[in-house]
Amino acid sequence: MLRRLTILVLLVAFAAQTFQQAAIVLDYYVRTAAYEKACVNKARPQLRCKGKCQMAKKMAEEEQKSQQAPQMKLEKPGETLSSESFFTLAPLPVPASLPLHYPVLNAGAPVAQTHAIFHPPALV
């Protein structure tokens with residue numbers, strides 16, 4: 001039960017962060033009258049703003065908040081991390097002659113009848 005609750009909370013938190021801008025647009029369509037009341041372009045009805053300026057202002061505020069948290073994003077867009085950025089590419093020194101710890105065994109010629117070994121199972 002606790003595991004499912006934890007998964008649900010994390011899923012909701014992820015979705016809230018991911019669809020933050022969509023939530024603002026949805027809020028605008030649900031509460032259009034409140035946005036129109038707070039509109040700064042009431043004196044210019046030819047713009048037909050209907051509160052969209054307030055929605056854009058909220059979206060800009062959210063974008064600014066997300067930019068103030070740089071630990072959440074990569075510093076450069078398109079930056080990728082690979083193993084090359086963590087490990088050096090300098091060659092390791094190799095001794096001139098390596099002692100053989102294990103003798104090389106010659107087991108003979110390879111089997112020429114591989115079809116006798118590798119085949120699909122027989123249907124009974």
**Study point:** Rounded distance (nearest 0.5 Å) linking atom CD of Glu62 with atom CD of Gln20
**Key:** 4.0 Å

Revision key, fill the gap. d(Arg48 CZ, Lys50 NZ) to nearest 0.5 Å is 8.0 Å

Point to revise | pair Met55-Asp27: side-chain heavy atoms closer than 4.5 Å | key: no

Check your understanding: Do the non-hydrogen side-chain atoms of Met59 and Tyr28 ever get within less than 4.5 Å of each other?
Key -> no

**Study point:** From Ile24 atom CD1 to Tyr35 atom OH, the distance as rounded to the nearest 0.5 Å
**Key:** 7.0 Å

Point to revise | Side-chain heavy atoms of Val25 within contact of Gln21, under 4.5 Å | key: no

Study note, to complete from the structure: CG of Leu11 to OG1 of Thr18, rounded to nearest 0.5 Å, is 9.5 Å

Check your understanding: CD of Gln54 to SG of Cys49: how many Å apart, nearest 0.5 Å?
Key -> 7.5 Å

Review point. Where do Gly51 and Cys39 come nearest, in terms of heavy atoms and distance?
Key: N-SG, 3.9 Å

